[in-house]
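One structure is given below, encoded as structure tokens.
A, B, ... follow the sequence lines: proteins, then strands. Residue 1 opens every chain.
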Number of protein chains: 2
Amino acid sequence: MLSVDRLRVLHAIAAHGSLSAASQALHVTNSAVSQQLAKLEREVGQPLVERNGRGVRLTDAAELLVEHTSRILSLVHRAEADLEAHRGDVTGHLRLSATPTAVRGLLPAALPALREAHPGLRVELQEEEPHESIPAMVNGDADLAMVVDWMGSPLTLPQGMTRASVMEDVGDIALPAEHPLAHRELLELDEILDLPWISWTKGSICDDWLHGIIRGRGAEPTVVHNVEEHQTKLALVAAGIGAAVMPRLGRGPLPEGVRVVPVQPALVRQVYVFWRSEASRRPAIRAVVRALREAAGTYTDGPGPG
Amino acid sequence: MLSVDRLRVLHAIAAHGSLSAASQALHVTNSAVSQQLAKLEREVGQPLVERNGRGVRLTDAAELLVEHTSRILSLVHRAEADLEAHRGDVTGHLRLSATPTAVRGLLPAALPALREAHPGLRVELQEEEPHESIPAMVNGDADLAMVVDWMGSPLTLPQGMTRASVMEDVGDIALPAEHPLAHRELLELDEILDLPWISWTKGSICDDWLHGIIRGRGAEPTVVHNVEEHQTKLALVAAGIGAAVMPRLGRGPLPEGVRVVPVQPALVRQVYVFWRSEASRRPAIRAVVRALREAAGTYTDGPGPG
DNA sequence: TGAGCATGTAAGCAACTCTAATATCCACCT
DNA sequence: AGGTGGATATTAGAGTTGCTTACATGCTCA
């Protein structure tokens, strides 16, 4: 009988494209992967990889096996989830990969509530950008990911993932207090296209999105700075250097000299979580999703833009 | 991640009803099974068996796991079969469980042909009655079984098996040469209901079937002897002690003083093979089935009742 | 209450799988 | 051409796992 452990190694090689990438994903040395692969080849009596330049290429037989292995591993995960669901109580260890603003905005409320309700559950948090969360989920390095989707630039999730919405977040415009628009109740998007912008890190999806919004209105954005931290952005705005988009979620107190004003049409982003579909019945997943939604509820029930 | 090897142990316990039966089926000591089970229980964090008198009873959680494990193991077998099919050549090791008359009638032709056509294939033959073949197939101790079904008393195969017909065999009536009916060309079934019968071993499906046929005509069979070997039956017939049903398949030469006469309606039995459905694509299975059918073809093309 | 059968435990041994170090291979660059 | 970096392959040895043997425990039936 084929060893499922060895099949898992082959599966990782296929998923990551090379022995060394697979060995990293499996947290073993390349030697271990190479040996397991060689043993599997001996067992099935046919070659599974061909050396191809500096790397390897899977043979047809290997592709066949990988396809079956996906189904097998999926069933094993399903069995684990069903078992946990049968047990019913929320315990164990769940690895959460979450985007920074969502961490700041929701987890200070959600984590203590979870700790209170389910003392047996250990949530391990990894703060990551969405483009890091997705491979982490694929590789099995995380069990649940919380990401944001700016309107108009949706993330595409890999197959076999299930998503659930947590909340809608809205971005307002942060302006220097002395700016003529800073004391308006509501701005029109077309009014602010020509402002000098302080954007997110270059190449981040948030930066791309800002460009997309403004170009969609037929203008070219003037980005004067690209920074990562919200507090840095606010400091630059306070210094009168430019305007910035400020999500309400996880915003924190505003420094002197900065005002935020809503804009119309609203700059909406979706905060949502996703997990491997096989894990849908895990009570731990359900509990964390519920806690995040509750935290989102108390958040949006609270003060509006300030 | 759950270990599939351990799940297999649990599956065997469920299939055989006790740790010790499982250990026999898996060809390990009961200690090994006990240890693997204990480890699995630790891994899943819930009890899987409850001591119940001298044996054990599976918990709900265990039943759940066993259900998933069946699917998982089935997929693994499927993967192996597909892999062999992809390779295409007929090699390896196939365990055939076959009913004695079929062995005698078909395998002397089929095995040399297989050996000729596929030198890489090793067929391991186990001569068994159908009621032994079925559990052997379920336990995975055999890969292919050849059995017979007397008309009117069909075997019921376990789920997940695929069957293929090999041939129809016909039973004639063996009579002492001096018997008044012995020189007829054809007998009517109703003419022979009252003969003294030499039947198969008491309780065998063949014996049951003989009773069924005669009772179905409203008579009560007179069984004067129950024997296992065909040659013994023929010797008793030659001694004038009674009549016997003699299948044509694997009949061999008749002793002096015995004549066989066909009967109408014919006493038909189906010879067929079955295998686990996951193995349907195994070239080895296909090759053996083909060889058996060819052997059956040359057989029925040959001399009729003699 | 003891015989018989079944599960559970402990110690030792064999097999397996990993790591570390090293060798080999190949594309790409100069 | 020759060197370099990125990748796979090979070896020996260490650590872990899982099996067996032997014995202990628990339960039912007579």
Whole-Å gap separating [atom2] ([N]) and [atom1] ([X]):
X        : N       : atom1 : atom2 : result
Arg57(A) : dC26(C) : CZ    : P     : 14 Å
Glu41(A) : dT8(D)  : CD    : P     : 13 Å
Lys39(B) : dT9(C)  : NZ    : C1'   : 14 Å
Gln36(A) : dC16(C) : CD    : P     : 11 Å
Leu58(B) : dA6(C)  : CG    : C1'   : 15 Å
Leu37(A) : dT17(C) : CG    : P     : 13 Å
Gln24(B) : dC5(C)  : CD    : C1'   : 12 Å
Leu19(B) : dT7(C)  : CG    : P     : 4 Å

Hey, does [X] reach any base, or is it just sugar-phosphate, or nothing, if we go heavy atoms under 4.0 Å?
X        : answer
Val56(B) : sugar-phosphate
Ser18(A) : sugar-phosphate
Ser31(A) : base

Check your understanding: Counting only distance, no hydrogens or angles, is the base of dT20(D) paired donor-acceptor with the side chain of Gln35(B) under 3.5 Å?
Key -> yes
Point to revise | Short side-chain N/O contact to dT20(D) OP1/OP2 from Thr29(B), under 4.0 Å | key: yes
Exercise for review: Using distance alone, with no hydrogens and no angle criterion, decide if Gln35(B) and Ser31(B) have a side-chain donor and acceptor under 3.5 Å apart.
Suggested key: yes
Point to revise | Flag, side chain of Asp149(B) to backbone of Leu155(B), donor-acceptor distance under 3.5 Å | key: yes
Check your understanding: Looking at Arg95(A) and Glu124(A), does any basic side-chain N land under 4.0 Å from a carboxylate oxygen?
Key -> no
Exercise for review: Could you tell me whether Asp82(A) and Arg281(A) have a side-chain N and a carboxylate O separated by less than 4.0 Å?
Suggested key: yes
Review point. In terms of the nearest nucleotide of DNA chain C, which residue is placed more toward the 5' end: His27(A) or Arg51(A)?
Key: His27(A)
**Study point:** Closest-nucleotide 5' rank along DNA chain D - winner of Val33(B) and Asn30(B)
**Key:** Val33(B)
Study note, to complete from the structure: Between the CZ atom in Arg71(B) and the CD1 atom in Ile72(A), the distance rounded to the nearest 0.5 Å is 13.5 Å
